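Predicted model only: the values in this text are computed from it and were never measured. Chain letters run A, B, ... following the sequence lines, proteins first, then strands; residues in each count from 1.
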Number of protein chains: 2
Amino acid sequence: MKLQKETSSSDRGQREHGRWYDDACGTAFGLEILGERWAMLIVRELLLGARRFSDLRDALPGISAKVLTERLESLAEWGVLTRKTLPPPAATQVYELTEWGYRAEPAIMELGRWAALSLRHNPQLPLSAVSLMTSMKTMQLPALAQAPDMAVGMAVGGEEFVVSIRQGLFGAERAPVAGCPAVLRAPAAPPIAGALYADIPLEALEAEAGLVVEGDRALLRRFIGLFALPPRI
Amino acid sequence: MKLQKETSSSDRGQREHGRWYDDACGTAFGLEILGERWAMLIVRELLLGARRFSDLRDALPGISAKVLTERLESLAEWGVLTRKTLPPPAATQVYELTEWGYRAEPAIMELGRWAALSLRHNPQLPLSAVSLMTSMKTMQLPALAQAPDMAVGMAVGGEEFVVSIRQGLFGAERAPVAGCPAVLRAPAAPPIAGALYADIPLEALEAEAGLVVEGDRALLRRFIGLFALPPRI
DNA sequence: CAGAATCCCATTCGATACTG
DNA sequence: CAGTATCGAATGGGATTCTG
């Protein structure tokens, strides 16, 4: 009965992951699932729909293929996401959040909302298209609840999104921008973030950052005015 | 100007912490501060007021002195908490959240609320007194908003808390239990968690888990009925 | 006792190279 | 494109020690 490699504290932890918090608190359990490096950011990238392995690599500057593979496996085991093989001819694989995975959105957003309060937060760093879209949800000003309905298209790199305000509620989804009364196109997310959060005039971004404005420019300006970074602490 | 140990990707990241997400998203910045192992649980333990080094060690089963020291330093650098030296005669040191640190509470709670949805969450693990108190905030049922005002004392190990409902709002604070119309005493948090979340009768816990009930038992039963684990996914 | 400092080892991370 | 394989570096955890 004498074991050499016993886990010493019996099997109080839930798995043989190696390091467990051994704590009934939901937060501790959440950290076991989403607390490893990159895990929460992978989930963030999936909040607006399924993505391929290489989409995730591109969206997460600095993640290695090894860690991405490990996290996807672990998150799939935990039931946060599933791997799906698309039907032919595009027989490629995508990763998609489960219903439970999608419900992590409030936790992810609250963490971002909190961190953005810091003076040391640097909003000038690179930004993925998805995190731009989700950031808008947390950076909406109270005036947005009274704003008239509107829809703005955003074409960021190769991805297209429609951002809408309906009955005072913000929404963002992957959808073709065609048909939107106003469209912002940019080679990447930062120019659009500059317009939304750094109050850089659209004209400056068109001249210097490759931004392209199509359609109702006045609508865009009203729209941009509905978002701002919070007062810093 | 030729450096050997250059950080290679210029200084895009905000510090020389070694590993940075290099991502403008607030969530990424939050993870740089609270995403390292144990960091968020340390903040959780401070949500109900300042604690000493050894209090934190006791509350976080499994953390090593080394890691606790490192995290406290890092969190202090980031401005999440401060170290204070209590005035003599008790010239000991305590760690206390800054105003910004306290504002992390919603993020920590949302993560816990999300994780508790999982079937694989094990609420039977050890639990600190503080995480019991904060868990109640996330596990309150809608009926709590209509409940009459009440206050319940909880003496857990050597710590005393008063949990209150005032105008339908939940509150928990470190305060003497004396004067509360009903008091639960237990050697540790799990028996109280059993009463709240596993519907174990008070009498069984008194007989087997060292629970002591003082005062208005009917009030306690009503109180306990206002909390429950969420339906699992 | 509070807590900082050290040493050692296992695990994890990150970067590069490689494969089907 | 979607991962594997490999290896050096950094981090985490535990034990021990030192100090006041």
message = For B/Gln124, give me all partners under side chain to side chain contact (heavy atoms under 4.5 Å, CB included), at least two apart in sequence or on another chain.
response = B/Asn122
query = Taking for each residue the nucleotide of DNA chain C with the nearest heavy atom, is it A/Glu70 or B/Asp55 whose nucleotide lies nearer the 5' end?
reply = B/Asp55
task = Report yes if at least one side-chain N or O of A/Arg37 is closer than 4.0 Å to OP1 or OP2 of D/dT11; otherwise report no.
result = no
ask   = In whole angstrom, what separates A/Trp20's CH2 from D/dG14's P?
value = 15 Å
Contact pattern, 5' to 3', of nucleotides 15-20 of chain D - B, S or - by protein heavy atom under 4.0 Å = ------
message = Here's one to test your reading of the geometry: is the NZ or CZ of A/Arg83 within 45 degrees of the ring axis of A/Phe53 and under 6.0 Å from its centre?
response = no
query = Side chain of B/Val67: nearest nucleotide among C/dC13, C/dA2, D/dG13?
reply = D/dG13
ask   = Checking B/Tyr95 side chain against B/Leu46 main chain: does a donor-acceptor pair fall under 3.5 Å?
value = no
request  = Round to a whole Å and report the spacing from CH2 of A/Trp38 to C1' of C/dG14.
outcome  = 10 Å
request  = Using a cut-off of strictly less than 4.0 Å, decide whether A/Tyr21 has a side-chain nitrogen or oxygen near OP1 or OP2 of D/dG12.
outcome  = no
inquiry  = I'd like to know if A/Glu159 pairs up with A/Arg51 as an ion pair, taking the criterion as any Lys NZ or Arg NE/NH1/NH2 lying under 4.0 Å from an Asp or Glu carboxylate oxygen.
reply    = yes
inquiry  = Heavy-atom count check: over 12 atoms from other residues, nucleotides or ligands less than 6.0 Å from B/Arg103 CZ?
reply    = no
ask   = What are the two closest heavy atoms between B/Ala172 and B/Leu48, and how far apart are they?
value = O-CD1, 4.0 Å
request  = May I have the distance from A/Arg51 (atom CZ) to D/dA2 (atom P), rounded to whole angstrom?
outcome  = 11 Å
note = Whole-Å distance, B/Glu73 CD to C/dA2 P, equals 19 Å
ask   = Could you give the CG-to-P distance, from B/Asp22 to C/dA15, as a whole number of Å?
value = 11 Å
ask   = Can you tell me if the side-chain N/O atoms of B/Arg71 get under 4.0 Å from OP1 or OP2 in D/dG12?
value = yes
key: Distance-only donor-acceptor check, side chains B/Ser131 and B/Thr134, under 3.5 Å   = no
ask   = Distance only, no hydrogens: is a donor on one side chain within 3.5 Å (strictly under) of an acceptor on the other, for B/Ser128 and B/Glu45?
value = yes
task = Starting from C1' on D/dG12, measure out to CG on B/Leu60 and report it in whole angstrom.
result = 15 Å
ask   = Any donor-acceptor pair under 3.5 Å linking the side chain of A/Glu110 with the backbone of B/Glu110?
value = no
query = Per the end-axis method with five pairs at each terminus, what is the bend angle of the helix from C/dC1-D/dG20 to C/dG20-D/dC1, to 10°?
reply = 30°
task = Measure the distance from CZ on A/Phe53 to P on C/dG20 and round it to the nearest whole Å.
result = 17 Å
request  = Establish, with yes or no, whether the OP1 or OP2 oxygen of C/dA4 is under 4.0 angstrom from a side-chain nitrogen or oxygen of B/Thr69.
outcome  = yes
query = What is the distance, rounded to the nearest whole Å, between atom CD of A/Glu36 and atom P of D/dT11?
reply = 16 Å
message = Ignoring hydrogens and geometry beyond distance, is a side-chain donor-acceptor pair present between A/Thr85 and A/Gln93 at under 3.5 Å?
response = yes
message = Please classify the nucleic acid contact of B/Arg57 as base, sugar-phosphate, or nothing, using heavy-atom distances under 4.0 Å.
response = nothing
query = Would you say D/dA2 has OP1 or OP2 under 4.0 Å from some side-chain N or O of A/Ser54?
reply = yes
